[in-house]
Amino acid sequence: MLPRAFPPSRRLGRSFYARSTLEVAPELVGCVLVLRRPRSVVAVRLVEVEAYLGDGQDAASHAHAGKTRRNSEMFETPGRLYVYFTYGMHHCMNVVCEARGRAGAVLLRAAEPVLGETTMRRRRNRGGLELTNGPAKLCAALGLDLRANGMDLVEGPLGIWSGERPRRLERSPRIGISRARDLPYRFFDPDSSYVSRGRIPH
DNA sequence: CCATAGATTGACT
DNA sequence: GTCAATCTATGGA
């Protein structure tokens, strides 16, 4: 059973996502991601995200060299999910931004558990900060894989609700990339202990 | 606490 | 063939 004051506010609509990726990314921090499944509900508060821009503007973006089979969802309808598989075993999830036909996405890197912690512990086989303090950990805690690629956030079982703005918001270069290391496209709530510990490459 | 090596596979050059 | 928007175990201070 959900708490009475849940969802916390308003579900983000198509127009929220259909803007420049760099505008959307910082606004996602503090929002609440909810996934309703037949036998479980999980909700997390987003505390760390990264913007990845379109074709030619951002050397670290999957869309940098144009549309391919893997990244095609980055060019699709805003407000959908772009999930990719990496390092032979991990999935990471992004929120698609920009008008359809223009690439852009926000990687969801870390979040705080709000509801369904038991479900997440089972999926992660771990607890505490290890539940959701990294992009692949978050995806695993939600039980999402490539089958969720293209899932709509505006309608259906997966959605994002606006939440209380974080007291502070910081930005920095992105984690774990080897190109465009100077671009400050990572946004996070410095007061959350769930922010990922990702190493910054030299 | 910190640093590092290994895992493991699909996408792309 | 190379490399990846990462995680975990392990070993040392």
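A, B, ... follow the sequence lines: proteins, then strands. Residue 1 opens every chain.
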So what stems show up for DNA chain B if we need 3 or more Watson-Crick or G-U pairs in a row, all under 3.5 Å?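 For DNA chain B the paired stretches long enough to count as stems (3 pairs minimum) are B:1-7 with C:6-12, B:9-12 with C:1-4.
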I'd like to check the side chain to side chain contact (heavy atoms under 4.5 Å, CB included) partners of Glu73(A); sequence neighbours left out, ordered by chain and number. Glu76(A), Arg80(A), Tyr82(A), Val96(A), Asn149(A)
What residues form a side chain to side chain contact (heavy atoms under 4.5 Å, CB included) with Asp58(A), not counting sequence neighbours?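 Applying side chain to side chain contact (heavy atoms under 4.5 Å, CB included) to Asp58(A) gives Tyr52(A), Leu53(A), Ala60(A), Ser61(A), Arg174(A), Ala180(A), Leu183(A), Tyr185(A).
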Residues clustering with Tyr194(A) (ILVMFWY side chains joined when closer than 4.5 Å, directly or via others):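 Hydrophobic cluster check, Tyr194(A): joined to Val47(A), Leu129(A), Phe188(A), Val195(A).
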All N/O donor-acceptor pairs, side-chain side in residues 26-34 of chain A, below 3.5 Å, sequence neighbours left out:
residue: Glu27(A); atom: OE1; partner: Arg19(A); partner atom: NH2; Å: 3.0
residue: Glu27(A); atom: OE2; partner: Arg19(A); partner atom: NH1; Å: 3.2

May I have all residue pairs that pass salt bridge (charged side-chain N to carboxylate O under 4.0 Å, His left out) and include part of residues 141-151 of chain A, sequence neighbours excluded? Asp145(A)-Arg147(A)
Could you list all the salt bridge (charged side-chain N to carboxylate O under 4.0 Å, His left out) pairs where at least one residue sits in residues 84-99 of chain A, not counting sequence neighbours? Glu98(A)-Arg102(A)
Could you state the [atom1]-[atom2] distance from [X] to [N], rounded to the nearest angstrom?
| X | N | atom1 | atom2 | result |
| --- | --- | --- | --- | --- |
| Arg69(A) | dT13(B) | CZ | C1' | 15 Å |
| His91(A) | dT9(B) | NE2 | P | 11 Å |
| Asn149(A) | dA11(B) | CG | P | 11 Å |

Any donor-acceptor pair under 3.5 Å linking the side chain of Glu50(A) with the backbone of Ile175(A)?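 It does hold such a pair.
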I need the full list of ring pair (Phe, Tyr, Trp, His ring centres under 6.0 Å) pairs touching residues 125-154 of chain A, with sequence neighbours left out, sorted by first then second residue. none
With sequence neighbours excluded, give me every ring pair (Phe, Tyr, Trp, His ring centres under 6.0 Å) pair touching residues 91-132 of chain A. Phe85(A)-His91(A)
5' to 3', nucleotides 3-13 of chain C under a 4.0 Å protein heavy-atom cut-off (B base, S sugar-phosphate only, - none) gives -BBBBBS----
Salt bridge (Lys or Arg N to Asp or Glu O under 4.0 Å) partners of Asp191(A), counting only residues at least two apart: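 Partners of Asp191(A) by the salt bridge (Lys or Arg N to Asp or Glu O under 4.0 Å) criterion, ordered by chain and then number, come out as Arg167(A), Arg168(A).
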Which residues in residues 18-27 of chain A have a heavy atom closer than 4.0 Å to any atom of DNA chain C? none
